[in-house]
Amino acid sequence: MAALKKALLAAAVAALAAFFGYGFHKINRISLASREMPIKPLRCHYLPYIEYGAEDITILRHGLAFLSTGLHDYLDLPFFSNESGKLYVLDLLHPNPTPVELQIKGEFDLSSFNPHGISVYTDAADDSVYLFVVNHPQRKSQVEIFRFIEEDELVHLKTVTHPLLHSVNDIVAVGPEHFYATNDRYTDNGAIQLLIFVLGLPLCNVVYYSPGEVREAAGSMQSANGINISPDKRYIYVSNMLDHAVDVFERLDGEQLVFVKSVPVGTLCDNIEVDHMTGDVWLGCHPDATKLSNFDLKDPPGSEIIKVKNILSDKPVVTLEYGDNGHELMGSTVAAPYEGKLLIGTAFHKALYCDLK
């Protein structure tokens, strides 16, 4: 009996060691650990006033860009300021575009503001502009809806919370109070989430929200991160980060999403922006995610910007548009194009204004 117990214990220890070894290998593989950093420079300069990240950026058709800055205490991302987050606007048609902090009016707790993904909706009926912002006060997930009033003013209209919106990363607005949102993890429990990750369980999803209905619109993803919409509003794009791919869904009547295909991009992509003129998909990506969780200024996390041309065709073209080893820009999360210009934001570092011409 004693010998049997020893044998069973030894087998259990061996199985546990094998599982942890498999898990370690899988984490490194998916995180692209020790990947050779692709380098491709652009003509860029830093945007003033952006010192602690511009995690998401989106641009209106007439050239106004909105920036979400100051994300902190989110997952394992580094952060270097405990100050509350801010929103900025920048006019790309100005000869010297400079970020202007947006003043928030209304009943809203600025002290706990921790902005993440953003989206803008323009109401065709009266040209009203609504800014949707993912917010993580005290590590919670909720969505704030603002109305853009003047050059530098937002009015807070509504805070959206719901059990299905439990770990929101990004959103795309499809109406004045309507949006799709991604949940980037299944649970806040670190041990359970790690087990889900190692086992490859596809438990992340996209949720559709309207005042009258909240439901899962698409599921079975390993990591639903950035989300955006095609210029004709017919297709939804989701960055399935851990699969190193962009998933394409067709948007049907009744706000149903039907999976169309997955486009490999070869890296860990975060937010998605879409060129309003060409329909090209631009992605801010992380070339080696382990350098984010094990932050070392001597070996910083790099930045990688990917463009997908003809994403709806049988042969999408995936190209590297910018690559840096972290000595110019650390931790790119978004790339927003506008008529030959490009804004690149980061999780916790600076932001770049680049010339594509």
Side-chain angles (χ1 to χ4, degrees), residues 32 35-44 54 56-63 65 92 117-120 170 172 174 180 182 206 218 221 223-251 257-287 302-324 329 332-346 351-357:
L32 302 179
R35 175 187 175 210
E36 184 176 347
M37 179 63 226
I39 302 295
K40 183 177 182 180
L42 280 175
R43 289 176 294 171
C44 305
D56 204 3
I57 302 171
T58 193
I59 305 174
L60 293 174
R61 286 181 176 269
H62 58 271
L92 289 170
I118 62 175
S119 182
V120 175
D170 196 18
V172 59
V174 294
Y180 290 98
T182 57
V206 176
M221 300 179 194
S223 177
N225 200 291
I227 186 169
N228 220 308
I229 194 167
S230 61
D232 64 4
K233 313 301 181 187
R234 184 178 172 186
Y235 295 94
I236 295 289
Y237 308 130
V238 179
S239 175
N240 198 338
M241 180 184 272
L242 299 182
D243 275 350
H244 308 156
V246 175
D247 290 344
V248 180
F249 297 87
E250 188 172 8
R251 182 182 172 207
L257 294 185
V258 176
F259 179 78
V260 176
K261 64 176 177 177
S262 186
V263 179
V265 292
T267 186
L268 295 144
C269 289
D270 203 313
N271 291 314
I272 301 174
E273 290 298 312
V274 180
D275 190 312
H276 73 276
M277 295 183 68
T278 65
D280 294 342
V281 172
W282 289 74
L283 303 153
C285 310
H286 304 291
S303 293
E304 188 173 13
I305 303 304
I306 298 294
K307 181 176 74 172
V308 183
K309 192 175 183 64
N310 300 325
I311 191 169
L312 299 172
S313 71
D314 291 336
K315 295 183 179 180
V317 179
V318 178
T319 56
L320 173 70
E321 298 299 318
Y322 173 80
D324 180 72
L329 196 70
S332 59
T333 54
V334 62
Y338 186 80
E339 299 182 6
K341 307 174 182 69
L342 184 69
L343 298 177
I344 303 177
T346 65
L352 291 179
Y353 175 89
C354 306
D355 188 356
L356 296 174
K357 295 180 180 178

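What you are looking at is a predicted structure, and each value in this text was computed from that prediction instead of being measured. In what follows, every heavy atom counts, from backbone to side chain, and hydrogens, waters and symmetry copies are set aside.
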Hey, are the side chains of [X] and [Y] touching, using non-hydrogen atoms and a 4.5 Å cut-off?
| X | Y | value |
| --- | --- | --- |
| Leu92 | Leu343 | yes |
| Tyr235 | Ile311 | no |
| Ser332 | Ile305 | yes |
| Arg35 | Thr267 | yes |
| Lys261 | Pro316 | yes |
| Val334 | Glu273 | yes |

Intermediate values then yes/no, side-chain contact (heavy atoms from CB on, under 4.5 Å), Met221 and Met241: CA-CA 9 Å; Met221 300 179 194; Met241 180 184 272; over 6 Å; no

Give a yes or no answer on whether the side chain of [X] reaches the backbone of [Y] with a donor-acceptor pair at less than 3.5 Å.
| X | Y | value |
| --- | --- | --- |
| Asp232 | Arg234 | yes |
| Asp275 | Thr278 | yes |
| Thr333 | Asp270 | no |
| Tyr322 | Leu42 | no |

Check the pair Asn225, Ser223 against side chain to side chain donor-acceptor pair (under 3.5 Å), reporting the backbone distance first and the verdict last. CA-CA 6 Å; Asn225 200 291; Ser223 177; 4.8 Å; no

Test Ile118 against every option in Thr58, Ile57, Asp170 by the side-chain contact (heavy atoms from CB on, under 4.5 Å) rule and name the one that passes.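 Checked Thr58, Ile57, Asp170 against Ile118; only one passes side-chain contact (heavy atoms from CB on, under 4.5 Å): Thr58.
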
Which heavy atom of Pro231 sits nearest to which heavy atom of Gly279, and what is that distance? CG-CA, 3.9 Å

